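Report on the structure given below.
What's counted below: heavy atoms across the whole structure, side chains too, no hydrogens, waters or symmetry copies. Note that the structure is predicted; figures quoted are calculated from it, not measured. We count ligands from 1, going down the list as the structure has it; atoms in each ligand are counted the same way.
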Amino acid sequence: MSNETIALLSARRSVAARQMQAPAPSDEELNTLLTLAARVPDHGKLVPWRFIVFSGEARVKAGEIIAAAFAADNPEADEKRLAAERERLTGAPLVVAVVSRATPHPKIPEWEQVLSAGAVCMNLVVAANAMGFATSWITEWYAYDRRVLEALGLAANERIAGFVHIGTASETPPDRPRPELSAIVTRFDEQGR
Ligand SMILES: Cc1cc2nc3c(=O)[nH]c(=O)nc-3n(C[C@H](O)[C@H](O)[C@H](O)COP(=O)(O)O)c2cc1C
């Protein structure tokens, strides 16, 4: 691994969508990003994931779908709250939904297919940061709402692995605490313990 890659992985952190602005990746850059994101380990070569790209006014349309589901469940919600729901995908200039389409398979556990979708998300995040963009990998309640998912075009067996928000950082937040290795690492020893 090159020092540049180590430096990128050492410094990368999420930037909230509200801290992003234009420009988004160009169409050509987006093609590169999605090509790289799809370049992940995939047991059985099942390609158990796909992408949905949200840009421009389509982000507004998606926000209307999200707000409609929210309003149906929260009839008391005021206009300010509904506006916040409508703006769910408009903070960043580009949002890529990584859709997991894991299904039961005779040889490949579903768990491994889901993990592969997580790898897609992280590859997308790392590649976008390598291009100089900021990212935020989030889900939020609407990633689990079947009405919203259906309206966004997901089939019944499909789930959101992440909405990856991509843009240019208008501010860079400080890093967050990272786990101490001593809290998460043990060594299996030769006595089998
Ligand atoms: C699958 C997944 C879903 C997430 N969903 C949310 C979310 O809904 N809301 C949120 O505030 N953060 C969510 N996060 C966490 C954000 O990505 C968070 O900003 C991140 O942990 C920051 O770490 P980083 O700086 O290393 O990127 C999610 C993370 C993952 C991996």
Side-chain angles (χ1 to χ4, degrees), residues 1 4-21 24-25 33-34 36-38 40-42 48-54 59 62-63 65-67 69-70 73-74 81-102 109-149 151-152 154 157-181 183-185:
M1 211 185 270
E4 254 181 40
T5 307
I6 297 292
L8 172 71
L9 293 174
S10 302
R12 185 214 59 81
R13 67 139 311 167
S14 289
V15 174
R18 66 176 177 283
Q19 299 170 317
M20 291 182 199
Q21 59 190 14
L33 286 176
L34 298 181
L36 295 174
V40 292
D42 167 13
W49 25 258
R50 67 184 181 93
F51 302 106
I52 304 175
V53 176
F54 300 87
R59 296 169 307 147
I65 289 166
I66 292 167
F70 186 86
D73 290 348
N74 301 277
R81 189 72 180 80
L82 293 178
E85 295 299 332
R86 273 196 293 273
E87 289 165 10
R88 287 288 195 175
L89 298 194
T90 54
L94 177 71
V95 180
V96 176
V98 177
V99 176
S100 163
R101 44 182 186 180
E110 241 177 296
W111 166 239
E112 296 182 4
Q113 300 176 46
V114 174
L115 288 173
S116 184
V120 170
C121 292
M122 199 60 208
N123 251 27
L124 178 57
V125 162
V126 171
N129 279 270
M131 272 188 193
F133 295 103
T135 59
S136 177
W137 169 6
I138 62 170
T139 46
E140 299 292 348
W141 67 268
Y142 43 87
Y144 300 94
D145 187 293
R146 278 331 301 186
R147 294 163 301 181
V148 172
L149 298 185
L152 296 182
L154 275 77
N157 68 311
E158 295 185 319
R159 296 159 77 190
I160 294 288
F163 288 103
V164 180
H165 299 245
I166 306 173
T168 300
S170 51
E171 48 186 299
T172 307
D175 199 7
R176 64 182 176 86
R178 305 289 169 171
E180 292 291 337
L181 284 189
I184 56 171
V185 180

Check your understanding: For the residue pair L36 and A127, what are the closest heavy atoms and their distance?
Key -> CD1-CB, 3.9 Å
Check your understanding: Taking the side chain from T135 and the backbone from H165, do they hold a donor-acceptor pair closer than 3.5 Å?
Key -> no
Practice item. Provide, to 0.1 Å, the distance between atom 20 (C) of ligand 1 and the closest protein heavy atom, together with that atom's residue and name. Key: S14 OG, 3.9 Å
Practice item. Using modelled atom types only, decide if a donor and an acceptor are shared between the side chain of R59 and the backbone of A92 within a distance under 3.5 Å. Key: yes
Review point. So is there a nitrogen or oxygen of S136 less than 3.5 Å from a nitrogen or oxygen in ligand 1?
Key: no
Review point. Of the choices R13, E140, R176, which has the non-hydrogen atom that lies closest to atom 23 (O) of ligand 1?
Key: R176
Point to revise | ligand 1 atoms in contact with R12 (distance to a heavy atom under 4.0 Å) | key: 24 (P), 26 (O), 27 (O)
Point to revise | Per-atom contacts of ligand 1 with R178, taking only distances under 4.0 Å to non-hydrogen atoms | key: 24 (P), 25 (O), 26 (O)
Point to revise | Minimum-distance protein heavy atom relative to atom 3 (C) of ligand 1 | key: T139 OG1, 3.5 Å
Point to revise | Flag, side chain of Q19 to backbone of A16, donor-acceptor distance under 3.5 Å | key: yes
**Study point:** Exam field: side chain W49 to backbone A38, donor-acceptor pair closer than 3.5 Å
**Key:** no
Check your understanding: Do you know which two heavy atoms are closest between M20 and V15, and how far apart they sit?
Key -> CE-O, 3.1 Å
Check your understanding: atom 28 (C) of ligand 1: which protein heavy atom is closest, and how many Å away?
Key -> W137 O, 3.3 Å
Check your understanding: What residue and heavy atom of the protein are closest to atom 13 (C) of ligand 1, and at what distance?
Key -> I138 CG2, 3.6 Å
